[in-house]
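Report on the structure given below.
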Amino acid sequence: MTESSRSPRGHWIFAAFYRRLCDVTDRAGFAKVRASLLADATGDVLEIGAGTGGNLPHYVHADRVFLVEPDPAMRKTLAAKVARAAVPAEIASGSAEQTPYADDRFDTVVATLVFCTVDDLDRAAAEAKRVLKPGGTLLFVEHVGAGEPKARRTQERVEPAWKRLFGGCHLTRDPVAALERAGFTGITVDPLPVGRASGPARPIIRGSARA
Ligand SMILES: C[S@@+](CC[C@H](N)C(=O)[O-])C[C@H]1O[C@@H](n2cnc3c(N)ncnc32)[C@H](O)[C@@H]1O
């Protein structure tokens with residue numbers, strides 16, 4: 001999603017809604033998913049699409065965290081969390097498709113619930129690969145297109161409205177295929193248990209990949 005794809009008012013409404021949604025889902029168990037994924041985030045970490053900073057409290061082994069978040073309203077909430085973070089952290093300009101960093105800059109790249117929303121999934125995957133050191137790790141959590149035909153048809157039907165409601169989020173994407181196309185290796189994928197509350201945004205997977 002580009003900055004221009006939502007009105008300024010839309011930005012603030014979605015950011016406020018997303019912050020509350022995050023609080024609810026984190027309390028309902030997603031905080032544990034974040035904590036377990038990010039226990040493996042080491043060294044210099046780039047997080048793409050950091051949103052309202054839900055991952056920040058869980059960087060316990062990182063040296064420094066760099067956060068890319070193109071939405072100005074999300075970034076405002078993020079800035080308040082960065083100021084209180086236990087790990088050194090800074091917000092950067094750019095997007096998942098184009099970050100301001102040199103090749104081979106990071107030990108870890110993190111993307112949670114972001115590949116569903118970026119404008120160009122292949123470019124975002126290629127950019128994550130570019131900025132990772134050879135052998136560096138991408139950690140991700142994502143909801144993906146359903147394999148089961150009936151669930152898939154539902155996703156396809158509701159996706160246009162879903163995208164408008166949830167800041168450009170797609171329901172039918174296949175981020176793992178994009179990571180393969182970008183040249184990542186050693187891709188691991190684990191399904192996460194999900195309840196009905198996630199609606200059509202499932203299955204949800206947690207994974208890692210090596211640059
Ligand atoms: C569903 S939220 C996830 C936020 C956060 N990662 C989390 O786990 O709570 C999706 C985020 O991706 C951001 N985003 C959208 N398009 C982006 C892009 N092209 N590059 C980077 N981030 C993007 C949105 O602004 C939003 O903050």
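Numbering of ligands and ligand atoms starts at 1, following listing order. What you are looking at is a predicted structure, and each value in this text was computed from that prediction instead of being measured.
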Check contact between [X] and ligand 1, using heavy atoms of the residue and a distance below 4.0 angstrom.
| X | result |
| --- | --- |
| Val68 | no |
| Ile48 | no |
| Gly54 | no |

What heavy-atom pair brings [X] and [Y] nearest, and what distance separates the two atoms?
| X | Y | value |
| --- | --- | --- |
| Ala102 | Arg130 | C-NH1, 3.5 Å |
| Thr112 | Leu37 | CG2-CD2, 3.7 Å |
| Val158 | Pro200 | CG2-CG, 4.0 Å |

Tell me which one of Thr112, Val141, Leu21, Asp119 gets a heavy atom nearest to atom 8 (O) of ligand 1.
->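 Ranked by closest heavy atom to atom 8 (O) of ligand 1, first place is Thr112.
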At a 4.0 Å threshold, what atoms of ligand 1 neighbour a non-hydrogen atom of [X]?
| X | value |
| --- | --- |
| Pro70 | 17 (C), 18 (C), 20 (N), 21 (C), 22 (N), 23 (C) |
| Asp71 | 25 (O) |
| Leu113 | 1 (C), 2 (S), 3 (C), 10 (C) |
| Glu69 | 13 (C), 24 (C), 25 (O), 26 (C), 27 (O) |
| Arg34 | 7 (C), 8 (O), 9 (O) |
| Val114 | 6 (N) |
| Ala50 | 5 (C) |

Decide yes or no on side chain to side chain donor-acceptor pair (under 3.5 Å) for Ser208 and Thr188, but give the supporting numbers first.
-> CA-CA 5 Å; Ser208 67; Thr188 68; 2.8 Å; yes
After noting the C-alpha distance and the side-chain angles of Arg206 and Ser36, does the key distance pass the side chain to side chain donor-acceptor pair (under 3.5 Å) rule?
-> CA-CA 10 Å; Arg206 167 211 161 134; Ser36 128; 2.3 Å; yes
On the ring face of Tyr59, is Arg64 found with NZ or CZ under 6.0 Å from the centre and within 45° of the axis?
->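 Checked: cation-pi criterion not met.
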Would you check whether [X] has a nitrogen or oxygen atom less than 3.5 angstrom from a nitrogen or oxygen atom of ligand 1?
| X | value |
| --- | --- |
| Asn55 | no |
| Thr52 | no |
| Ala96 | yes |
| Glu97 | yes |

Using a 4.5 Å cut-off on heavy atoms from C-beta on, say whether the side chain of Glu142 contacts that of Ile204.
->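 Side chain of Ile204 against side chain of Glu142, heavy atoms only: no contact under 4.5 Å found.
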Hey, does Phe66 have a side-chain heavy atom less than 4.5 Å from the side chain of Glu47?
->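 SC-SC contact between Glu47 and Phe66 ruled out.
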Donor-acceptor pair between Glu159 and Thr172 side chains, under 3.5 angstrom =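 Thr172 and Glu159 do have a side-chain donor-acceptor pair below 3.5 Å.
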Determine whether the side chain, the backbone, both or neither of Cys22 has a heavy atom under 4.0 Å from any heavy atom of ligand 1.
->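 Only the side chain of Cys22 comes within reach of ligand 1.
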Is it the case that more than 12 heavy atoms not belonging to Glu156 sit under 6.0 Å from its CD atom?
->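 Yes.
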